[in-house]
Amino acid sequence: SRRRISRIRSRWSKRRTSGATARVFIGVLRRGLKPRPFKTGCGPAGPSAALQRCATQNQMRPQVSPKAVVRCEWARSELMIRYHDEEWGVPVHDDRRLFEFLILEGAQAGLSWETILNKRENYRAAFDGFDAELVAGYNKRKIAQLLWNEGIVRNRLKVASAVRNAQALLRVREEFGSFDRYIWQFVDGRPRVNLWKSHRQVPPRSVQSDAMSKALKKRGFNFVGSTICYAFMQAVGMVDDHVVRCFRHGVIAAGEKNP
């Protein structure tokens with residue numbers, strides 16, 4: 001079957017198959033054996049088609065990833081995961097950041113923390129970057145403007161409390177030198193690292209948050225109930241309430257700090 005062999009030679013020449021491979025294939029025909037499809041890599045029909053199939057299969061194959069990171073169970077959405085990984089439980093000692101969390105925690109009352117985080121940039125813009133000196137000077141006209149701002153929680157009591165708290169914070173700063181020095185005294189200046197095995201074990205308040213709430217109210221602060229104070233303490237790293245299995249538990253002991 002010289003014609004058949006000739007056709008095969010022509011076909012392999014077009015595919016640019018090496019001469020050695022073609023000679024082996026033709027030898028198989030001469031011995032009367034049934035030829036098998038040429039295979040390279042992931043599939044038949046020559047090197048080019050095989051490479052294409054390999055690329056397609058590699059794209060479809062699930063990527064092997066490292067062991068899944070264990071987080072506190074409440075961190076599920078992208079926003080909450082980022083907040084959990086980068087901020088929650090990390091000590092804050094900057095007065096402006098402390099004031100920010102105090103206002104945001106008060107605004108959260110009756111809402112979810114994720115709702116507040118979604119409005120965080122709007123709050124920063126609306127409240128002059130949480131500059132307590134500027135916020136303390138807001139008048140009725142400014143408060144009325146804020147109540148028209150759809151980017152924040154438009155609750156008259158919460159907006160008014162932000163101004164009141166700014167004024168109270170300035171008084172504390174004048175007496176103690178900084179709000180940071182005053183507020184951290186409720187945990188003796190060092191984070192309290194808890195050892196919760198489940199998020200369900202985390203309390204909504206503590207002896208320290210009760211004392212903080214009582215003291216802040218006496219100094220003229222508003223929206224500072226014990227539950228709000230405890231959430232504030234968690235946010236600014238006064239307590240580490242990451243569950244023990246969470247990869248963030250213990251970073252406070254390692255000395256990590258936020259500005």
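Residue numbers start at 1 and run along the sequence shown.
Put simply, the side chain of Phe232 does not reach to within 4.5 Å of the side chain of Leu216, judged on heavy atoms. Side chains of Arg96 and Glu100 form no contact here, defined as non-hydrogen atoms less than 4.5 Å apart. Side-chain contact between Phe99 and Ile103 is present, with at least one heavy-atom pair separated by less than 4.5 Å. Residues Arg156 and Leu147 meet the side-chain proximity criterion, which asks for heavy atoms closer than 4.5 Å. For the pair Val90/Arg248, a side-chain contact is recorded, criterion being any heavy-atom separation below 4.5 Å from C-beta on. Looking at heavy atoms from C-beta onward, Arg82 lies in side-chain contact with Leu79 at the 4.5 angstrom threshold.
Between Trp88 and the options Trp74, Trp113, Phe101, a ring pair (Phe, Tyr, Trp, His ring centres under 6.0 Å) holds for only Trp74.
Ile116 and Val159 fall within the same hydrophobic cluster, defined by Ile, Leu, Val, Met, Phe, Trp and Tyr side-chain heavy atoms under 4.5 Å apart, directly or through other members. Met212 and Val92 fall within a single hydrophobic cluster, where Ile, Leu, Val, Met, Phe, Trp and Tyr side chains are chained together by heavy-atom contacts under 4.5 Å. By the rule that hydrophobic residues join a cluster once side-chain heavy atoms approach within less than 4.5 Å of another member, Leu104 and Ile143 end up as members of one cluster. Hydrophobic clustering of Ile, Leu, Val, Met, Phe, Trp and Tyr side chains at less than 4.5 Å, counting indirect connections, keeps Leu157 apart from Val135. Hydrophobic clustering (side-chain heavy atoms under 4.5 Å, transitive across Ile, Leu, Val, Met, Phe, Trp, Tyr) keeps Phe223 apart from Tyr230.
Other residues, nucleotides and ligands contribute more than 12 heavy atoms inside 6.0 Å of the CZ atom of Arg154. The neighbour count for Arg120 CZ, taken as heavy atoms of other residues, nucleotides or ligands under 6.0 Å away, is above 12. Shown here is Arg76, whose CZ atom has no more than 12 heavy atoms of other residues, nucleotides or ligands within 6.0 Å.
Expressed to the nearest 0.5 Å, how far OG of Ser77 lies from CG of Asn118 amounts to 7.5 Å. Rounded to the nearest 0.5 angstrom, Asp188 CG and Met238 CE are separated by 9.5 Å. One finds the CG atom of Leu169 at 8.5 Å from the CD1 atom of Ile183 (value rounded to the nearest 0.5 Å). Atom OG in Ser226 sits 12.0 Å away from atom NZ in Lys214 (nearest 0.5 Å). Residue Gln108 holds its CD atom at 8.0 Å from CD1 of Ile228, rounded to the nearest 0.5 Å. In this structure, CE in Met233 is found 12.5 Å from CZ in Arg205, a value given to the nearest 0.5 Å.
Ala166 and Ala136 get closest at one heavy-atom pair: CB-N, 3.6 Å. Among all heavy-atom pairs drawn from Val244 and His249, the shortest one is CA-CG, 4.0 Å. Across all their heavy atoms, Leu146 and Ile152 have their closest contact at O-CD1, 3.5 Å. Closest heavy-atom contact between Asp180 and Asp95: N-OD1, 2.9 Å. Summarising the geometry of Arg171 relative to Gly220, their closest heavy-atom pair is NH2-CA, 4.3 Å, with the distance given to 0.1 Å. The two residues Trp184 and Pro191 have their closest heavy-atom pair at CZ3-N, 3.8 Å.
A donor-acceptor pair is defined here as one N or O able to donate and one able to accept, closer than 3.5 Å; such a pair exists between the side chain of Asp240 and the backbone of His242. With Lys158 contributing its side chain and Ala109 its backbone, the two residues share a donor-acceptor pair below 3.5 Å. In this structure a side-chain-to-backbone donor-acceptor pair under 3.5 Å is present from Ser209 to Ser206. At distances below 3.5 Å, at least one donor-acceptor pair connects side-chain atoms of Tyr123 with backbone N or O atoms of Val153. In terms of modelled atom types and a separation under 3.5 Å, the side chain of Asn194 and the main chain of Trp196 share no donor-acceptor contact. Between the side chain of Glu175 and the main chain of Val172, no donor-acceptor pair closer than 3.5 Å is present.
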Derivation and outcome, side chain to side chain contact (heavy atoms under 4.5 Å, CB included), residues Val224 and Leu102: CA-CA 8 Å; Val224 287; Leu102 187 66; 4.0 Å; yes
Derivation of the side chain to side chain contact (heavy atoms under 4.5 Å, CB included) call for Val202 and Gln234: CA-CA 11 Å; Val202 180; Gln234 292 173 317; 3.5 Å; yes
Side chain to side chain contact (heavy atoms under 4.5 Å, CB included) between Leu170 and Glu133, worked out: CA-CA 7 Å; Leu170 293 181; Glu133 293 184 1; 3.8 Å; yes
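The aromatic rings of Tyr182 and Phe179 sit tilted relative to each other, their planes meeting at an angle between 30° and 60°.
By the side-chain contact (heavy atoms from CB on, under 4.5 Å) test, Phe247 is found to be paired with Val69, Arg71, His84, Asp85, residues two or more places apart in sequence or in another chain being considered.
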